[in-house]
Amino acid sequence: MNFFEELKWRGLIKDTTDEVGIAEKLNTHCTAYLGIDPTADSLHIGHMQQLLLLRRYQKAGHRVIALCGGATGMIGDPRPTTERKLLTIEDVAHNVSCIKTQIGKFVDFEDETKGILVNNYDWTKELSLIDFLRDYGKHFNVAYMINKDTIAKRLESGISFTEFTYTILQAMDFLHLYNKYGCDVQFGGSDQWGNIVSGSDLIKKVHGSDTKVYGVTSPLVTKSDGTKFGKSEGSNIWLDATKTSVYEFYQFWLNVTDEDAIPLLKRMSFRTQEEIESIELSMKENPHLREAQKALASEITELVHGKDALDRALEITEILFKGDIKKLSYEELKAAFKGAPSGEIIDGEPILDALVKLNICKSKNEARKLVEGNSVAVNGDKVNDINYVLNKKDAFNEEITVIKKGKKVFALAQFE
RNA sequence: GGAGAAGUAGCGAAGUGGCUAAACGCGGCUGACUGUAACUCAGCUCUCUACGAGUUCGGCGGUUCGAAUCCGUCCUUCUCCA
């Protein structure tokens with residue numbers, strides 16, 4: 001199975017500008033690029049598939065370019081629903097620096113012939129309006145642009161000129177990378193199809209229609225029940241451990257439903273076809289062991305957060321679901337829960353306030369309802385009195401208390 | 001520039017003077033079941049010093065005993081015309 005066939009088997013190919021051409025190209029050598037806009041100060045698991053693709057390309061011997069959209073991020077890729085709020089220049093710069101280090105976990109940038117990290121702001125910031133309109137604008141037919149899915153969807157609800165021009169900016173990136181690095185493949189999620197085509201079209205208009213450049217997209221990750229992938233408790237699962245703890249990250253993957261587990265393993269894991277098929281087989285025989293979920297969660301958590309962090313997430317999991325918290329020593333607890341979500345409370349803190357302080361609940365109102373609903377446990381014991389007070393003397397070493405909401409959400413409360 | 005229409009909680013969408021903290025659907029949370037799954041069922045889903053109180057229906061101002069609902073004005077968006 002060659003590289004292109006493998007991508008297909010994994011379910012990572014949706015559309016290509018030229019399937020035969022790209023299949024050939026990927027079996028020789030190419031320079032492939034992926035662009036990511038800095039819309040937040042951390043990447044989230046919605047980016048994972050693409051980041052892993054970057055890694056796959058590099059592992060397969062191709063040169064990869066990770067593009068951080070410092071310029072495009074200031075404009076905003078049109079969403080199907082509504083106009084984006086412009087980010088401030090400071091925010092974009094901050095986001096760029098945060099994201100760059102995260103991308104480094106997936107790609108090796110040590111050797112320029114194997115991996116390059118660029119920022120499109122560098123070649124866009126000096127471009128004058130007149131040059132933009134004369135050198136690039138002429139290549140874009142408005143009638144053609146408004147037929148692009150991303151823009152067409154917005155014609156009813158409204159789209160600003162700013163976002164309308166986004167696709168031109170991204171096309172300029174592909175052209176720039178083609179000129180400078182001979183970059184001949186751009187890939188991305190299927191929502192990027194329009195932008196990717198804009199880029200290859202632009203290159204062909206500038207360099208001739210027989211120029212060998214290719215675009216390829218992968219299907220967006222969806223869940224079998226049709227709901228949005230990548231959210232937990234309504235919020236994003238971030239790659240930044242301070243925004244989403246390693247434990248939560250691990251748990252997210254562990255809780256993937258059976259139906260989604262194998263497809264996700266194919267897409268996200270670097271395991272071979274044989275390995276994945278054997279997992280699939282044993283999962284069919286013993287679904288309750290959730291081997292696929294465990295394999296998926298471990299591999300991805302280790303890649304993103306490292307071996308030590310994974311081990312700790314596993315330890316916490318073990319304790320929270322199988323062990324008895326009260327049997328642990330203070331030292332064991334402290335070691336196991338290192339890096340877990342935590343917060344400080346005072347001696348005599350009411351349970352409702354503590355739940356809010358530790359970010360387990362958004363408001364005391366919510367906390368009240370959960371306690372009344374018998375959903376909260378302190379050090380393993382259910383608490384259903386809304387006037388319950390947390391005392392130092394009940395804590396481990398008079399210092400640490402574990403507060404749990406439901407089955408899976410917990411935080412460490414530390415007395416001041 | 002002109003003429004219409006619309007802006008309601010995370011989203012979609014009712015409501016068109018008091019019975020409305022605002023139907024319904026989705027999403028989210030919790031409980032039961034289970035395999036930390038799926039399905040199904042039940043409850044919750046503005047806030048708080050909580051059998052009560054406060055603040056909400058694009059913004060501001062007004063009418064009224066009383067407004068998401070009426071009036072004025074501003075902002076935003078859509079449709080059609082030029």
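Keep in mind that what you see is a predicted model, and the values were worked out from it rather than measured. Residue numbering restarts at 1 for every chain, and letters A, B, ... go by the order of the sequence lines.
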### Query
For rC80(B), which nucleotide in any strand shown is its Watson-Crick or wobble partner with both distances under 3.5 Å?
rG2(B)

### Message
rG31(B), OP1 or OP2 - any side-chain N/O from Asn374(A) closer than 4.0 Å?
### Response
no

### Task
Using the C1' atom as the reference point in each nucleotide, state the distance between rC65(B) and rC81(B) in Å, no decimals.
47 Å

#### Entry: His305(A)-Tyr250(A) aromatic ring centre distance below 6.0 Å
no

### Task
Considering only atom P, compute the distance from rC80(B) to rU73(B) and round it to an integer number of Å.
27 Å

### Task
Please report, rounded to the nearest Å, how far the C1' atom of rU30(B) is from the NZ atom of Lys362(A).
13 Å

### Task
Describe, in one word, how the ring planes of His176(A) and Trp123(A) are oriented to each other, choosing from parallel (under 30°), tilted (30 to 60°) and perpendicular (over 60°).
parallel

### Task
Determine the Euclidean distance between corresponding C1' atoms of rA68(B) and rA6(B); express it in Å to zero decimal places.
15 Å

### Query
Distance under 6.0 Å and angle within 45° of the ring axis: does Lys334(A) meet both against Phe396(A)?
no

### Task
Compare the minimum distances between each of rU36(B), rG31(B), rA50(B) and the side chain of Ser375(A), then state the nucleotide with the smallest one.
rG31(B)

#### Entry: rC48(B) OP1/OP2 closer than 4.0 Å to side-chain N/O of Ser363(A)
yes

### Summary
When both distances are under 3.5 Å in a Watson-Crick or G-U wobble arrangement, the nucleotide paired with rC44(B) is rG28(B)

#### Entry: Out of rC29(B), rC33(B), rG35(B), whichever nucleotide has its closest atom nearest the side chain of Lys407(A)
rC33(B)

### Message
For Asp353(A), is there an ion pair with Lys357(A) - N to carboxylate O distance below 4.0 angstrom?
### Response
no

### Message
Categorize Glu366(A) for me: base, sugar-phosphate, or nothing, with a 4.0 angstrom heavy-atom threshold over every strand shown.
### Response
nothing

### Task
Provide the distance between the two P atoms, one in rG18(B) and one in rA5(B), to the nearest whole Å.
24 Å

### Query
Checking all strands, does Leu155(A) fall into the base, sugar-phosphate, or nothing category for heavy-atom contacts under 4.0 angstrom?
sugar-phosphate

### Message
Pairing check on rG72(B): which nucleotide meets the Watson-Crick or G-U wobble criteria with it, both distances under 3.5 Å?
### Response
rC60(B)

### Message
So, OP1 or OP2 of rU49(B): does either fall under 4.0 Å of a side-chain N or O from Lys364(A)?
### Response
yes

### Message
If you only use heavy atoms from C-beta on, which nucleotide in rU47(B), rU36(B), rU30(B) is closest to the side chain of Val409(A)?
### Response
rU30(B)

### Summary
Across every strand shown, the nucleotide meeting Watson-Crick or G-U wobble geometry with rA50(B) (both distances under 3.5 Å) is none

### Query
Between Lys326(A) and Asp381(A), is there a salt bridge with N-O shorter than 4.0 Å?
yes

### Query
On a whole-Å scale, what distance lies between the C1' atoms belonging to rC24(B) and rA38(B)?
27 Å

### Task
Looking only at side-chain atoms of Asn255(A), point me to the closest of rC29(B), rA37(B), rU34(B).
rA37(B)

### Message
Say we look at rA23(B) and rC41(B): how far apart would their C1' atoms be, to the nearest angstrom?
### Response
23 Å

### Message
Can you see if the side chain of Lys369(A) gets near the phosphate of rU45(B) - specifically, an N or O under 4.0 Å from OP1 or OP2?
### Response
yes

### Pairwise P distance, rG25(B) and rG62(B) [rounded to whole Å]
39 Å

### Query
Are any of the side-chain nitrogens in Glu291(A) or Lys284(A) under 4.0 Å away from the carboxylate oxygens of its partner?
no

### Message
So for Lys408(A) and rU30(B), does any side-chain atom that can act as donor or acceptor lie under 3.5 Å from a complementary atom in the base?
### Response
no

### Base paired to rU36(B) (Watson-Crick or G-U; both N/O distances under 3.5 angstrom)
none

### Query
What distance, rounded to whole Å, do you find between the two P atoms, one in rG58(B) and one in rG7(B)?
8 Å

### Query
Between Lys153(A) and Asp149(A), is the closest basic N to carboxylate O distance under 4.0 Å?
yes

### Query
Counting side-chain heavy atoms from CB outward, which of rU30(B), rC33(B), rU49(B) is closest to Arg368(A)?
rU49(B)

### Query
Base, sugar-phosphate, or nothing: which does Leu254(A) touch, judged by heavy atoms less than 4.0 Å apart?
base

### Message
Between Asp353(A) and Leu289(A), which residue's closest nucleotide on RNA chain B lies nearer the 5′ terminus?
### Response
Leu289(A)

### Summary
Paired to rA23(B) by Watson-Crick or G-U wobble criteria (both distances under 3.5 Å) is none

